Asker: 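What follows is a structure written as structure tokens; I'll ask about it next.
As the structure is a computational prediction, the values presented were derived from the model and not from experiment. Only heavy atoms go into these numbers, but all of them, side chains included; no hydrogens, no water, no symmetry mates.
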Amino acid sequence: MFPVPDPMRRALDAARDAALAGEVPVGAVVVKDGIILATAANAPRALCDPTAHAEIQAIRAAALALGSDRLKGCDLWVTLEPCAMCAGAIAHARIARLYYGAADAKGGAVEHGPRFFSQPTCHHRPEIYAGIAETEAAAILREFFAARR
Ligand SMILES: [Zn+2]
């Protein structure tokens, strides 16, 4: 096993924080030039906001930090394969590179379902790196749902 890159380590920590708050455990981090601009956890329940996925929260915070709606040259690290909504936000934000952990056969939209970035109507496709710390990311989700049954 090779070491987990620092941004993914932080995203995994954010996912654990989400689980403690009763949210589906997903965490996301936006990095530019090696500097972390934003770290966010999934929070739709706490915020009464169905769009408050970790990726959306992190993209919003990073855009505010940069003072721009375009996150040019930024990388997004997220513990779970993004859904269709988040894939759309990633394209709108012009994220340069997407790194994600666990695949999501049910809700994912990158390698599953709509395969958003492969559609001819997708106007921006980041470089995509899947399976980063996949085992740990999947275990956090599995444990969360097992504890709820
Ligand atoms: Zn999402």
Asker: Mind jotting down which residue pairs meet the side chain to side chain donor-acceptor pair (under 3.5 Å) criterion with at least one end in residues 46-56? Sequence neighbours excluded, please.
Answerer: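 Passing the test, one end in residues 46-56: D49-T51.
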Asker: Using side-chain hydrogen bond (donor to acceptor under 3.5 Å, both in side chains) as the criterion, list what pairs up with E81, not counting sequence neighbours.
Answerer: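 E81: side-chain hydrogen bond (donor to acceptor under 3.5 Å, both in side chains) contacts with H112.
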Asker: At what distance, to the nearest 0.5 angstrom, does CD1 of I59 lie from SG of C86?
Answerer: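 The CD1 atom of I59 sits 7.0 Å away from the SG atom of C86.
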Asker: Of all residues at least two apart in sequence or in a different chain, which pass the side-chain contact (heavy atoms from CB on, under 4.5 Å) check with A65?
Answerer: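 side-chain contact (heavy atoms from CB on, under 4.5 Å) list for A65, sorted by chain: empty.
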Asker: Can you list the residues that meet the side-chain hydrogen bond (donor to acceptor under 3.5 Å, both in side chains) rule with R10, with sequence neighbours excluded?
Answerer: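 Partners of R10 by the side-chain hydrogen bond (donor to acceptor under 3.5 Å, both in side chains) criterion, ordered by chain and then number, come out as D6.
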Asker: Considering residues at least two apart in sequence or located in another chain, which fulfil the side-chain hydrogen bond (donor to acceptor under 3.5 Å, both in side chains) criterion with R97?
Answerer: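 So R97 forms a side-chain hydrogen bond (donor to acceptor under 3.5 Å, both in side chains) with D75.
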Asker: Does F144 share a hydrophobic cluster with I140, counting links as ILVMFWY side-chain heavy atoms below 4.5 Å and allowing steps through other members?
Answerer: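 No: no chain of side-chain contacts under 4.5 Å links F144 to I140.
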Asker: Other hydrophobic cluster members with I56, side-chain heavy atoms of Ile/Leu/Val/Met/Phe/Trp/Tyr under 4.5 Å, chained?
Answerer: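 M85, which link up through side-chain heavy atoms under 4.5 Å apart, make up the rest of the cluster.
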Asker: Can you pull out every ring-ring contact (aromatic ring centres under 6.0 Å, His included) where at least one residue sits in residues 60-81? Sequence neighbours excluded, please.
Answerer: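 Passing the test, one end in residues 60-81: W77-Y99.
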Asker: I'd like to check the side-chain hydrogen bond (donor to acceptor under 3.5 Å, both in side chains) partners of E111; sequence neighbours left out, ordered by chain and number.
Answerer: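 Per chain and number, E111 pairs via side-chain hydrogen bond (donor to acceptor under 3.5 Å, both in side chains) with Y100.
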Asker: Got a sec, which pairs hit salt bridge (Lys or Arg N to Asp or Glu O under 4.0 Å) with one end in residues 130-147, sequence neighbours left out?
Answerer: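 For residues 130-147: R9-E136, R16-E136.
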Asker: Find the distance between CG (L141) and CG (L80) and round it off to the nearest 0.5 Å.
Answerer: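 Answer for the CG-CG pair, L141 versus L80, is 5.5 Å.
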Asker: Is there a side-chain contact (heavy atoms from CB on, under 4.5 Å) between D69 and R94 once you walk through the steps?
Answerer: CA-CA 9 Å; D69 64 333; R94 305 291 195 273; over 6 Å; no
Asker: Tell me which donor-acceptor pairs under 3.5 Å the side chains of residues 29-46 have, and how far apart each pair is, sequence neighbours excluded?
Answerer:
| from | atom 1 | to | atom 2 | distance (Å) |
| --- | --- | --- | --- | --- |
| K32 | NZ | K72 | O | 3.4 |
| N42 | ND2 | V24 | O | 3.0 |

Asker: Without placing hydrogens or testing angles, list every side-chain donor-acceptor pair under 3.5 Å for residues 123-131, not counting sequence neighbours.
Answerer:
| from | atom 1 | to | atom 2 | distance (Å) |
| --- | --- | --- | --- | --- |
| H124 | NE2 | I95 | O | 2.6 |
| E127 | OE1 | Y129 | OH | 2.4 |

Asker: I'd like to check the side-chain contact (heavy atoms from CB on, under 4.5 Å) partners of A21; sequence neighbours left out, ordered by chain and number.
Answerer: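 A21 satisfies side-chain contact (heavy atoms from CB on, under 4.5 Å) with E23 only.
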Asker: For A11, is there any backbone N or O sitting under 3.5 Å from a side-chain donor or acceptor partner on T79?
Answerer: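 A pair under 3.5 Å: no.
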